[in-house]
Amino acid sequence: MRIITYLEAINEALDEALAQDPKVFLLGEDIGIYGGGFGATKGLQAKYGKERVRDTPISESAIVGAAVGAAMTGMRPIVELQFSDFITVAMDQLVNQAAKIHYMYSGKASVPLVMRTAGGSGTGAAAQHSQSLENWMAHVPGLKVIQPSTAYDARGLLLAAIQDNNPVMFYEHKLLYNTFSDVPEASYVLPIGVADIKKTGEDVTIIATGIMVNKALEAAGIAEQKGISVEVIDPRTLVPLDKETILNSVAKTKRVIVATEAVKNSGFSGEITSVIAESEIAMELKAPIVRLGGEFVPMPAQKMLEAHAIPQVTSFLEAIEDMLAKDKH
């Protein structure tokens with residue numbers, strides 16, 4: 001194993017996919033010489049040429065529309081949207097076209113398209129460049145939604161997404177790009193729809209997505225010093241969702257916290273909560289399910305306000321201690 005960044009893992013996966021399959025090509029704003037908004041495509045245009053790493057006009061609607069057409073005619077496009085917020089401009093192409101075509105054509109057409117996009121807060125980029133909108137896409141039948149939290153997961157799941165014959169949304173948190181983890185040099189692919197137990201524990205289960213996994217693990221380490229054993233589950237993919245791993249963990253600890261950076265109101269944490277509440281395990285819970293999520297406000301640009309708008313490590317610790325205190329009563 002060697003240790004590389006999340007951003008390097010994404011770049012390696014794209015490089016490997018381009019090398020292996022001539023049908024794979026990249027398109028997006030400034031992905032060529034500039035190397036993409038965050039550097040994920042650095043060096044790839046020089047290596048594979050302008051036909052396979054294509055700079056596009058600043059029009060998300062046109063970019064995604066072109067990608068849908070290319071995918072339908074045998075290519076395997078990988079779109080980069082610089083910020084996940086810009087998905088709003090391409091909603092028709094994604095929601096009404098890419099997600100529906102396989103069904104509408106009775107399985108005779110497929111759309112093997114991957115959309116990579118950077119989401120989340122923490123950079124002071126304000127309300128139009130800091131949102132977590134993955135829940136929108138998880139609501140649409142026909143789209144797969146992936147949200148890796150580590151470099152290892154990012155590389156293996158991106159390659160899986162590129163090989164998949166369905167349209168896949170691939171969410172990368174901006175603050176994760178410079179995080180490190182062990183990643184093999186040899187090629188590997190991770191299965192879509194399989195959660196990962198990031199830390200085993202006995203007292204409380206935390207189910208967290210994206211960058212919340214890192215905060216959950218930090219909180220779990222602090223809680224462990226106080227004698228509290230916390231299990232951390234990373235779904236890794238929202239659609240399809242690995243319900244079995246989630247329910248097995250909750251059945252063991254009988255206490256659960258669900259955390260997302262996305263706004264809690266109508267968020268994906270509600271879907272995970274419902275999976276638990278509608279199962280037989282619900283009757284065995286020792287405390288009510290706790291949801292942590294973003295405040296119902298546009299994301300502030302000011303760093304201190306931005307931090308207040310989303311769950312922090314202290315939010316997890318308070319939830320854990322409050323849950324255990326209620327259990328004692």
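Predicted model only: the values in this text are computed from it and were never measured.
- At a threshold of 4.0 Å, the pair Glu12-Arg2 counts as salt-bridged, since one of the basic side-chain nitrogens sits closer than that to a carboxylate oxygen.
- Judged by distance alone, with hydrogens and angles left aside, the side-chain atoms of Arg116 form no donor-acceptor pair with the main-chain N or O of Glu172 at under 3.5 Å.
- The two atoms that bring Ala161 and Val168 nearest to each other are CB-CG1, 3.7 Å, heavy atoms only.
- Residues that satisfy the ring-ring contact (aromatic ring centres under 6.0 Å, His included) test with Tyr188, not counting sequence neighbours, are Tyr152.
- Looking at Arg155 and Glu16, a side-chain N of the basic residue comes within less than 4.0 Å of a carboxylate O on the acidic one, giving a salt bridge.
- Follow the hydrophobic side-chain contacts under 4.5 Å out from Ile63 and you never reach Val24; the two are in separate clusters.
- With no hydrogens or angles considered, a side-chain donor-acceptor pair links Asp242 and Thr245 at under 3.5 Å.
- Among all heavy-atom pairs drawn from Ile4 and Ala151, the shortest one is O-CB, 3.9 Å.
- The list of ring pair (Phe, Tyr, Trp, His ring centres under 6.0 Å) pairs with a residue in residues 38-65, not counting sequence neighbours, reads Phe38-Phe83, Phe38-Tyr177.
- By the 4.0 Å N-to-carboxylate-O rule, Asp196 lies close enough to Lys198 to be salt-bridged with it.
- A salt bridge does not link Glu231 to Lys199: none of the charged nitrogens lies less than 4.0 Å from a carboxylate oxygen.
- Nearest heavy-atom pair across Phe86 and Gln128 is CE2-O, 4.1 Å.
- Using a 4.5 Å heavy-atom cutoff, the side chains of Arg255 and Val290 are not in contact.
- Side-chain contacts under 4.5 Å among hydrophobic residues (ILVMFWY), followed directly or transitively, place Val313 together with Ile222, Leu317.
- Every residue two or more places apart in sequence or in another chain was checked for a side chain to side chain donor-acceptor pair (under 3.5 Å) with Asn11, and none qualifies.
- Residue pairs meeting the ring pair (Phe, Tyr, Trp, His ring centres under 6.0 Å) criterion with at least one partner in residues 228-286, sequence neighbours excluded, are absent.
- Shortest non-hydrogen contact noted between Glu295 and Val263 is O-CG2, 3.5 Å.
- Residues passing the side chain to side chain donor-acceptor pair (under 3.5 Å) test with Ser149, sequence neighbours excluded: Asp234.
- Counting heavy atoms from C-beta on, the side chains of Arg236 and Leu157 come closer than 4.5 Å.
- Nearest heavy atoms, Gly69 versus Thr73: O-OG1, 3.0 Å.
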